[in-house]
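Scroll down for the structure; my scribbles are underneath it.
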Amino acid sequence: MSEPKYVAIANKYAADIRKGVIPPNVWLPSHAEIARENEVSEIVARRVTGQLRRWGLVKTVERRGTMVLAQSDDIRISPERQMETPETTYETESADGNGVVVDREVREVAADQELADTFGLEVGAPLIHVVTRASEGDRPISISDTYHLPGQSIPEADYLEEELADRVPSPAHAEWLGVPPGEPLVTIKQRFLTSDDGLLMISDVAYIPGRYRAFSFRMALSRE
């Protein structure tokens, strides 16, 4: 699914805001200027600033324009956090230490062709599918789909590969996080591996817009 034009333009502004290229308390160009610079209509330009507001990056002041907001310093530590439960991670982050609810659905499924190819299994082989949803109050935080081999667990993995990108999430993830279909979100695709590159687990995680300003990574590196 291709991203809408207004989302692509909003992503460019968002990147500059998060990098500090556009600092806090600066006024963004007017809707007419955004439209002219990006060769779109003013309707699209208004959707751009609306998207930036939903991401918590700007605020609109009536009859004045759209101002960039100061960004929080929330940093998501990865992958060290994977050795602790989501409850521990989110309770540490939450303001009062006890406002996060984590819900899991666990079931055994038969591997379809894609999962069989990913894990190197026969089609129909058993896998464990875990859907994990985290929320704080009435506000969703994240949702993940995880598949792993029966009887395997994270502590048995030697390496973690993570691929972070802005992607259009699955319909189920978008619905849980309350974002419009086709809107990119910060997502992480994970692969938990043994020392000989055996795949134990994969996970696809999506976060609510604006949850984190930055991610910090540290992974084990093999030395020949």
Are [Y] and [X] linked, directly or through intermediate hydrophobic residues, by side-chain heavy-atom contacts shorter than 4.5 Å (ILVMFWY only)?
X	Y	answer
Trp176	Val168	no
Leu164	Tyr207	yes
Val40	Leu28	yes
Val101	Ile141	no
Val7	Ile22	yes

TODO: Among Thr146, Thr132, Asp145, find the one that has a side chain to side chain donor-acceptor pair (under 3.5 Å) with Ser203.
DONE: Thr146
Gap separating the [atom1] atom of [X] from the [atom2] atom of [Y], nearest 0.5 angstrom:
X	Y	atom1	atom2	answer
Ser135	Ile208	OG	CD1	11.0 Å
Leu52	Leu57	CG	CG	6.0 Å
Glu161	Ile202	CD	CD1	12.0 Å
Thr118	Gln113	OG1	CD	10.0 Å
Leu115	Leu121	CG	CG	9.0 Å

Check: residues 58-67 side-chain donor-acceptor pairs under 3.5 Å, at least two apart:
residue : atom : partner : partner atom : Å
Thr60   : OG1  : Arg53   : NH1          : 2.7

Taking the side chain as every heavy atom from C-beta outward, state whether [X] and [Y] have any pair of such atoms under 4.5 Å apart.
X	Y	value
Asn25	Val68	no
Gln51	Glu183	yes
Lys12	Asn38	yes
Ile128	Val106	yes
Pro184	Asn11	yes

- [ ] Determine, step by step, whether Leu127 and Leu149 satisfy the side chain to side chain contact (heavy atoms under 4.5 Å, CB included) criterion, reporting the C-alpha distance in whole Å, the side-chain angles of both residues, the deciding distance to 0.1 Å, and the verdict.
- [x] CA-CA 5 Å; Leu127 285 171; Leu149 298 172; 3.7 Å; yes
Where [X] and [Y] come nearest, the two heavy atoms and their spacing:
X	Y	answer
His173	Ala206	ND1-CB, 3.8 Å
Ala45	His31	CB-O, 3.3 Å
Ala111	Ala116	CB-N, 4.0 Å
Val109	Arg107	CG1-NH1, 3.5 Å
Ala174	Pro169	CB-CG, 4.0 Å
Ile143	Ala172	CD1-O, 4.3 Å

- [ ] Any chance you could lay out the side chain to side chain contact (heavy atoms under 4.5 Å, CB included) test for Arg191 and Leu199, step after step, and finish with the verdict?
- [x] CA-CA 7 Å; Arg191 286 163 46 89; Leu199 181 62; 4.0 Å; yes
Open item on the list: A quick test of your reading: do over 12 heavy atoms of other residues, nucleotides or ligands sit less than 6.0 Å from CD of Glu33?
Closed with: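 More than 12 within 6.0 Å, yes.
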- [ ] Give the C-alpha distance, both sets of side-chain angles, the deciding distance and a yes or no for side chain to side chain contact (heavy atoms under 4.5 Å, CB included) between Val186 and Asp166.
- [x] CA-CA 5 Å; Val186 173; Asp166 285 335; 3.5 Å; yes
Open item on the list: Listing request: all ring pair (Phe, Tyr, Trp, His ring centres under 6.0 Å) pairs with a residue in residues 119-142, at least two apart in sequence or in separate chains.
Closed with: His129-Tyr147
TODO: Hey, could you give me each pair passing ring pair (Phe, Tyr, Trp, His ring centres under 6.0 Å) that has a residue in residues 4-26? Not counting sequence neighbours.
DONE: none
Open item on the list: Apply side chain to side chain contact (heavy atoms under 4.5 Å, CB included) to residues Ile34 and Thr49 and explain how you reach the verdict.
Closed with: CA-CA 9 Å; Ile34 292 174; Thr49 56; 4.1 Å; yes
